[in-house]
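Here's the structure we're looking at; comments come further down.
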Amino acid sequence: MSALTLMPLVPVHAQGLGTLGGNFCAATNTNNAGAVVGTCRDVDGHVGAVYWAPGTELPIPLSTLEPDGPCSVYDINNANVAAGNCEQGAAGEFFPVRWTLSLPSSLPQRLNPLLGHVKARARIINHAGVVGGASLDGSGSPRAVIWRAGQASAVELPELGLLPPLLSSSAGCQIADMTDDASPVVVGTCSLDEGGSIAVQWKPGVLGHTVSRLPRLPDGSNCSAAAINQNGQIAGTCETEDGDIVAVRWAADGTLTYLDDLQMSGPSREQLMVVDMNEAGIIVGNYLTDEGFSRAFVWSPVDDPESEEALDIGGLGGFWTMVTDIADDGTFTGESETSEGALEGLIGSVSQPTVGIGTLGGFTSAPAALSDSGNYLVGTSQLLLGYEHAFILSAAQKKLTPDSISETVNYALVGGYCPPRSRKQVNLTSYDDVVSYVKNVRVPLRAIGRMVTSPCRND
């Protein structure tokens, strides 16, 4: 039996969401109640922003800033407020908007650019209703801004330098994430006048937000921030003095821990790009193998940062895997090439196996986002006829069951399991043994199916 056939490719039967009569819908985000936002094509071929209320399949078109003006929606918070961008005006410029989804037919609130700027764009919304994004001047140069809950005026986040913007040392900053406070801590990345980039955080104060640089690695260079949690931990990516790219985590006090080691990843230790982090400080990201294929990792913090390692999350039998999101319960999602060469979404966690989520009948499925709780996963999947529709997957549909891993368990019982870098075989003699080992050691169950085919080294 080959290693590929050991992988439990058991579909978890995502639920397809309805359309506006056209042949296309895509889900972009969801919240803890299971409300979904995305885009759909109607019977006339127009594509617009839509909302699926919790527990319903029929999408509701979101109102626009002007008749027939296109809109896109990117994010939704747990208060059922969504953020996106809508076109307005003869020039066809887009402006950020908020929708109150309890009144989906009401007009969106337009969010204005900074004084003297021609347009703006929204990127994220936090659970307090603060929208983060950028305001653009006539040349297209961005300024990082936030729009406070209920307010339409942009609040500029300062650039680096002694007296920005007059004596700015940065050429433009972009927001990556923010905390869920009414006056949030914001993190992002700034391009420097001297070249390169630096990770930054903006902290609220009496006179507004102040900006500070996050430390780089010793003798290293470019850094970028990807996520922040309510504990003040910040995750991102930095370049070492040798030019390698490594995953990093900044503690609330600015202490920097970096990761350049991966279990089960072969000799490759480079190009570790962080994607997301949850409230427990668990980080997910992607890296490149020596053969140039993308793989994904999960990095859990421990009491001794010097001993921290990350774990490859596995895949669906093909050459590459990419992770895109992690929830606060440790559930992560992404997509992977299957052994048949198709593209399929996956789901797993630090204590559950990575499994494929199946499709809506076609060859592909692509997750877009998890709710913060991890109870809902949304994305887009191909139908049997090739059209793409939105889907939602609930917690009840994605839990580990004995049937989903029985094939791997049975094979593990035959030969035992050789952990990475170990000379001693672990004997797993029952289903409960395997599940306990997976949870306690935090090794993806797929790894057991792969690793038992190679004998342990002798002392």
Side-chain angles (χ1 to χ4, degrees), residues 29 31-32 75 77-79 123-132 144 146 148-149 157 173-190 198-206 209-217 223-238 246-259 272-285 297-311 313 323-333 349-351 369-375 442:
N29 224 313
N31 64 13
N32 285 348
D75 204 358
N77 66 14
N78 287 335
R123 186 180 184 276
I124 54 174
I125 185 170
N126 72 5
H127 293 313
V130 181
V131 176
I146 60 172
R148 299 189 187 279
L157 300 179
C173 300
Q174 298 190 42
I175 292 174
D177 197 13
M178 56 185 168
T179 61
D180 287 316
D181 308 293
S183 293
V185 179
V186 185
V187 296
T189 304
C190 292
I198 191 77
V200 300
Q201 67 173 330
W202 293 273
K203 288 186 174 181
V206 177
H209 280 76
T210 58
V211 63
S212 61
R213 299 179 178 219
L214 295 173
R216 294 172 169 175
L217 292 170
C223 289
S224 61
I228 184 172
N229 61 23
Q230 291 298 115
N231 297 321
Q233 295 173 310
I234 301 169
T237 303
C238 283
V246 298
V248 298
R249 184 182 63 245
W250 292 274
D253 62 4
T255 303
L256 177 62
T257 301
Y258 72 95
L259 172 77
L272 277 67
M273 301 290 294
V274 167
V275 172
D276 197 16
M277 175 180 64
N278 68 7
E279 288 301 309
I282 302 173
I283 293 170
V284 291
F297 67 88
V298 57
W299 175 21
S300 298
V302 296
D303 293 335
D304 179 17
E306 294 296 325
S307 66
E308 290 187 7
E309 291 182 327
L311 192 67
I313 71 168
V323 67
T324 56
D325 199 9
I326 186 170
D328 291 336
D329 69 347
T331 301
F332 54 74
T333 190
S349 78
V350 294
S351 60
L370 286 156
S371 62
D372 287 347
S373 64
N375 286 335
R442 294 182 174 180

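Side chain of N375 to main chain of N32: no donor-acceptor pair is present (N/O by atom type, distance under 3.5 Å, no hydrogens or angles). Under the 3.5 Å distance criterion, the side-chain polar atoms of N77 are left unmatched by any main-chain donor or acceptor of A128. A distance-only check finds a donor-acceptor pair linking the side chain of T179 to the backbone of V185 [under 3.5 Å]. Looking only at distances, a side-chain donor or acceptor of H127 sits under 3.5 Å from a matching main-chain atom of N78. One N or O on the side chain of D177 and one on the backbone of I228 form a donor-acceptor pair closer than 3.5 Å. Side-chain atoms of H209 do not come within 3.5 Å of backbone N or O of S183 as any donor-acceptor pair.
Evaluation of the side-chain hydrogen bond (donor to acceptor under 3.5 Å, both in side chains) test over residues 227-237, restricted to residues two or more places apart or in two chains, returns N229-Q233.
Every residue meeting the side chain to side chain contact (heavy atoms under 4.5 Å, CB included) condition with A280, not counting sequence neighbours, appears here in chain and number order: N278, I282. The side chain to side chain contact (heavy atoms under 4.5 Å, CB included) search around A235 returns V274, M277, I283, not counting sequence neighbours. Residues that satisfy the side chain to side chain contact (heavy atoms under 4.5 Å, CB included) test with A251, not counting sequence neighbours, are D253, T255. Taking D75 as the reference, N29, I124, I125 meet the side chain to side chain contact (heavy atoms under 4.5 Å, CB included) condition, with sequence neighbours excluded.
Closest non-hydrogen pair, A247 versus F297, comes out as CB-CZ, 4.0 Å. Scanning both residues, I146 and L157, for their nearest heavy atoms gives CG2-CD1, 4.2 Å. Here the closest heavy-atom approach between residue N126 and residue P184 is recorded as ND2-CB, 3.9 Å. Across every non-hydrogen atom of T331 and G374, the tightest pair is OG1-O, 4.5 Å. Of all heavy-atom pairs spanning R216 and C223, the tightest one is CG-SG, 3.8 Å. The shortest non-hydrogen separation linking V275 to A226 is O-CB, 4.1 Å.
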Throw together a table of side-chain donor-acceptor distances under 3.5 angstrom for residues 198-205, partners on residues two or more places apart or in other chains.
residue: W202; atom: NE1; partner: P158; partner atom: O; Å: 2.8

Open item on the list: Run the side chain to side chain contact (heavy atoms under 4.5 Å, CB included) test on T324 and T333 for me, step by step, so that the C-alpha distance in whole Å, both residues' side-chain angles and the decisive distance to 0.1 Å come before the verdict.
Closed with: CA-CA 6 Å; T324 56; T333 190; 3.7 Å; yes
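Interatomic distance, W299 CH2 to L259 CG, rounded to the nearest 0.5 Å: 5.0 Å. Here the CG atom belonging to L217 is positioned 7.0 Å from the OH atom belonging to Y258, to the nearest 0.5 angstrom.
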